Amino acid sequence: MEYESGNIFSKILAGEIPCDKVYEDDYTLAFRDINPQAPVHILIIPKLERATLSDCTENDVELLGRFSLAAINIARQEGLQSYRTVINCGADADQTVFHLHMHLLSGRKFSWPPG
Ligand code: 5GP
């Protein structure tokens, strides 16, 4: 998939654009979504640049594991009992920023199937 270099999340990672940071470790950065879809809406991004989930390979096992663990750590940190994680992969899945990210949503009742 096409990778748009210099996208907004790369700029946030580089400190060129501010964010409301909630968590950071050696592998990931997490910050509040600028347009929240739930009372809690946090974006988790890997520090290594991958455009989409589909761009990850066997070499990214640690990246993906750390990325998932970050969601668990943030949910604990925020005291979330119940939450939804979402990775939109590709334009038809409504991915708009092509730097891999996970949405962590909580604070309201969610329905299924998603829209
Ligand atoms: P996607 O649609 O790619 O899965 O999600 C991209 C998310 O990034 C959207 O929920 C959007 O609100 C969020 N977003 C876009 N630009 C910014 C920004 O500059 N700062 C923050 N914190 N979130 C952003």
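When a ligand or atom number is given, it counts from 1 through the structure's own listing order. Being a predicted model, the structure only gives us computed values, none of them experimental.
- Here the heavy atom of the protein found nearest to atom 3 (O) of ligand 1 is Thr96 N, 2.7 Å.
- Protein heavy atom in closest approach to atom 2 (O) of ligand 1: Asp94 O, 2.8 Å.
- Cluster annotation: Ile87 is connected to Val40 through the hydrophobic network of ILVMFWY side chains, with a link wherever side-chain heavy atoms come within less than 4.5 Å.
- A continuous path of ILVMFWY side-chain contacts below 4.5 Å connects Ile44 to Leu100, so both sit in one hydrophobic cluster.
- Put simply, the side chain of His41 does not reach to within 4.5 Å of the side chain of Leu104, judged on heavy atoms.
- A side-chain donor from one of Glu49 and Ser10 sits under 3.5 Å from a side-chain acceptor of the other.
- For ligand 1, the atoms lying closer than 4.0 Å to a non-hydrogen atom of Leu43 are 8 (O), 13 (C), 23 (N).
- Closest to atom 20 (N) of ligand 1, if we only count protein heavy atoms, is Ile34 CB, 3.8 Å.
- Of the candidates His99, Met102, Arg66, His99 is the only one forming a side chain to side chain contact (heavy atoms under 4.5 Å, CB included) with Pro46.
- Every atom of ligand 1 is numbered from 1 in the order shown, and the set under 4.0 Å from a heavy atom of Asn35 is 12 (O).
- Centroid-to-centroid, the aromatic rings of His101 and His103 come within less than 6.0 Å.
- For atom 19 (O) of ligand 1, the closest heavy atom belonging to the protein is Ile8 CG1, 3.5 Å.
- A distance-only check finds a donor-acceptor pair linking the side chain of Asp25 to the backbone of Thr28 [under 3.5 Å].
- Atom 10 (O) of ligand 1 has Asp33 OD2, 2.5 Å as its closest protein atom, hydrogens excluded (heavy atom only).
- The shortest contact between atom 8 (O) of ligand 1 and any protein heavy atom is with Phe9 CZ, 3.4 Å.
- Tyr27 and Glu62 share a side-chain donor-acceptor pair at under 3.5 Å.
- Atom 5 (O) of ligand 1 has His101 NE2, 3.0 Å as its closest protein atom, hydrogens excluded (heavy atom only).
- The shell of residues lying under 4.0 angstrom from ligand 1, judged by heavy atoms, includes Arg32.
- Every N/O-N/O distance between Ile17 and ligand 1 stays at or above 3.5 Å.
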